[in-house]
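Step one of this worksheet: look at the structure below.
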Amino acid sequence: SPILYIIIPCYNEQEVLPITAPQFLRKITDLSARGKISPESRVLFVNDGSSDATWDIICSLARQDPHFLGISQSRNQNAVLAGLMEALHSGSCDITISIDCDGQDDIDAMDGMVDAYHAGFEVVYGVRSNRDSDTFFKRFTAQSFYKLMNKMGAEVVYNHADYRLISSRVLQEFSKFGEVNLFLRGMVPLVGFPSTTVEYVRHERLAGESHYPLSKMLSLAMDGITSLSVKPLRMITGFGVLVALVSFIGVIWALVSALLEVYRDATGDNAPPKCIGGGTYAKSMPNLVAFGPIFPGDEVREHKPDEYMEIE
């Protein structure tokens, strides 16, 4: 039976952690009793730079039961990746399942993920079957996020966040990436390996408040686009070429205007145009006369040098 590590990022979750921690322990015990996973499986909490009592609660849980483990980051940054690498470096982990600690993701979906692993899949994505529990704004922004990512060329699984099973083989490949901020939602499909999905219904948060504002979602989208797509570079390059072309045309226009001004100075034709009685008058030059647009019905007659003429 494979050794499972449940990776749970925690950021200021002192209210919900005492509620969900026993649920994760019961799931580990149940899967182990049915022979799906090894009794050596663990629940790994990752304190993501919390400022409340989250870390104290994690330490208390670890003292109460050996199935609970915990690591603490000095600041808030990619707790899921930190937990995955910790599980990999433990040397005894076969599979990991990352899940939020707020109780919104259906813990029972882990059964289907483990069954899919036994069926030969190295990656199993937890996909929401619907978004009925979301507000209109949350649903709209989330759907816009996935559509934007796909249009920009980043391969992401629709309605999938961070609830997924990953085998140690996949984690070994992750460890070879040198990027600091890995966009896991896009990097997991990029690595490859056989994958499938397990649908579940997302519930309301059991306690506390969400720590995922719009600004963080926009930052996540920007990380994904810049990490996985070359389209932003192509767009910037195209815009640069357009600006350069417009600038080149402007330079040519300035040179032509300067040459015409020099010519006018040389011929002495610098008299300003005059308007008399609503008619437009222009001073002609001996050898060069510049008219505006000539429309049907306009009167154009022969003129003499230094003569004012009217264009009706």
Side-chain angles (χ1 to χ4, degrees), residues 1-111 113-114 126 133 161-166 168 171 174 182 184 200 202-213 216:
S1 299
I3 297 178
L4 167 65
Y5 271 55
I6 301 179
I7 311 299
I8 307 171
C10 305
Y11 178 68
N12 293 337
E13 301 289 1
Q14 63 178 9
E15 297 181 15
V16 72
L17 196 53
I19 301 175
T20 56
Q23 298 179 5
F24 294 126
L25 181 58
R26 286 195 296 269
K27 179 54 63 178
I28 285 280
T29 303
D30 177 63
L31 290 173
S32 175
R34 289 188 287 152
K36 299 290 186 179
I37 60 175
S38 169
E40 299 298 321
S41 299
R42 296 290 185 265
V43 178
L44 176 60
F45 297 103
V46 182
N47 179 37
D48 199 13
S50 301
S51 58
D52 60 2
T54 297
W55 178 239
D56 295 332
I57 297 175
I58 294 174
C59 293
S60 176
L61 292 170
R63 286 191 294 266
Q64 295 173 16
D65 194 295
H67 288 95
F68 290 124
L69 301 175
I71 60 174
S72 182
Q73 297 196 122
S74 60
R75 63 189 183 97
N76 181 266
Q77 183 180 13
N78 212 334
V80 175
L81 179 61
L84 292 175
M85 292 300 101
E86 176 67 20
L88 176 64
H89 295 154
S90 68
S92 59
C93 174
D94 297 312
I95 54 176
T96 64
I97 295 179
S98 56
I99 183 174
D100 293 335
C101 71
D102 53 17
Q104 289 186 284
D105 294 328
D106 186 8
I107 296 180
D108 292 332
M110 292 185 184
D111 298 49
M113 293 182 177
V114 174
S133 60
D162 291 316
Y163 191 15
R164 70 179 75 87
L165 178 148
I166 301 179
S168 58
L171 292 180
F174 271 135
L182 284 177
L184 290 177
Y200 69 96
R202 189 173 175 87
H203 308 295
E204 295 290 341
R205 186 181 178 91
L206 295 180
E209 297 179 354
S210 174
H211 306 291
Y212 210 83
K216 196 169 184 178

CD1-SG distance between I57 and C10, expressed to the nearest 0.5 angstrom: 9.0 Å
Heavy-atom side-chain proximity of L4 to S38 below 4.5 angstrom: no
Shortest non-hydrogen contact from Y200 toward A109: CB-CB, 4.0 Å
side-chain contact (heavy atoms from CB on, under 4.5 Å) evaluation trace for D102 with T20: CA-CA 7 Å; D102 53 17; T20 56; over 6 Å; no
Euclidean distance, D30 CG relative to L25 CG, rounded to 0.5 Å: 11.0 Å
Minimum heavy-atom distance D100-F24, with the two atoms named: O-CZ, 3.8 Å
Any side-chain heavy-atom pair of R164 and S98 under 4.5 Å: yes
Atom pair CH2/CG of W55 and N12 - distance to nearest 0.5 Å: 14.5 Å
Donor-acceptor under 3.5 Å (S60 side chain, D56 main chain): no
NE2-CG distance between H67 and L61, expressed to the nearest 0.5 angstrom: 13.5 Å
Pairwise distance CD1(I7) to CD1(I166) - rounded to 0.5 angstrom: 9.5 Å
C101: which of T54, V46, V16 passes side chain to side chain contact (heavy atoms under 4.5 Å, CB included): V16
Check: R42 side chain, P66 main-chain N or O, donor-acceptor pair, under 3.5 Å: yes
pair R26-I107: side-chain heavy atoms closer than 4.5 Å: no
Electrostatic pair D106-R202, nearest N-O below 4.0 angstrom: no
Pairwise side-chain contact, E15 with L17, heavy-atom cut-off 4.5 Å (strictly under): no
Rounded distance [0.5 Å steps], CD1 in I37 versus CD1 in I97: 8.0 Å
Minimum side-chain heavy-atom gap Y5-L69 below 4.5 Å: yes
Closest approach of F68 to A21 (non-hydrogen atoms, all atoms of both residues): CZ-O, 3.5 Å
Non-hydrogen atoms of G70 and I58 that approach each other most closely: CA-CG2, 3.8 Å
Distance-minimising heavy-atom pair for I3 and D94: N-OD2, 2.8 Å
Over all atoms of both residues, closest heavy-atom pair of I95 and P2: CD1-CG, 4.1 Å
Any side-chain heavy-atom pair of P39 and S32 under 4.5 Å: yes
Any side-chain heavy-atom pair of K36 and D111 under 4.5 Å: no
Side chain proximity check, Y163 to M110, heavy atoms < 4.5 angstrom: yes
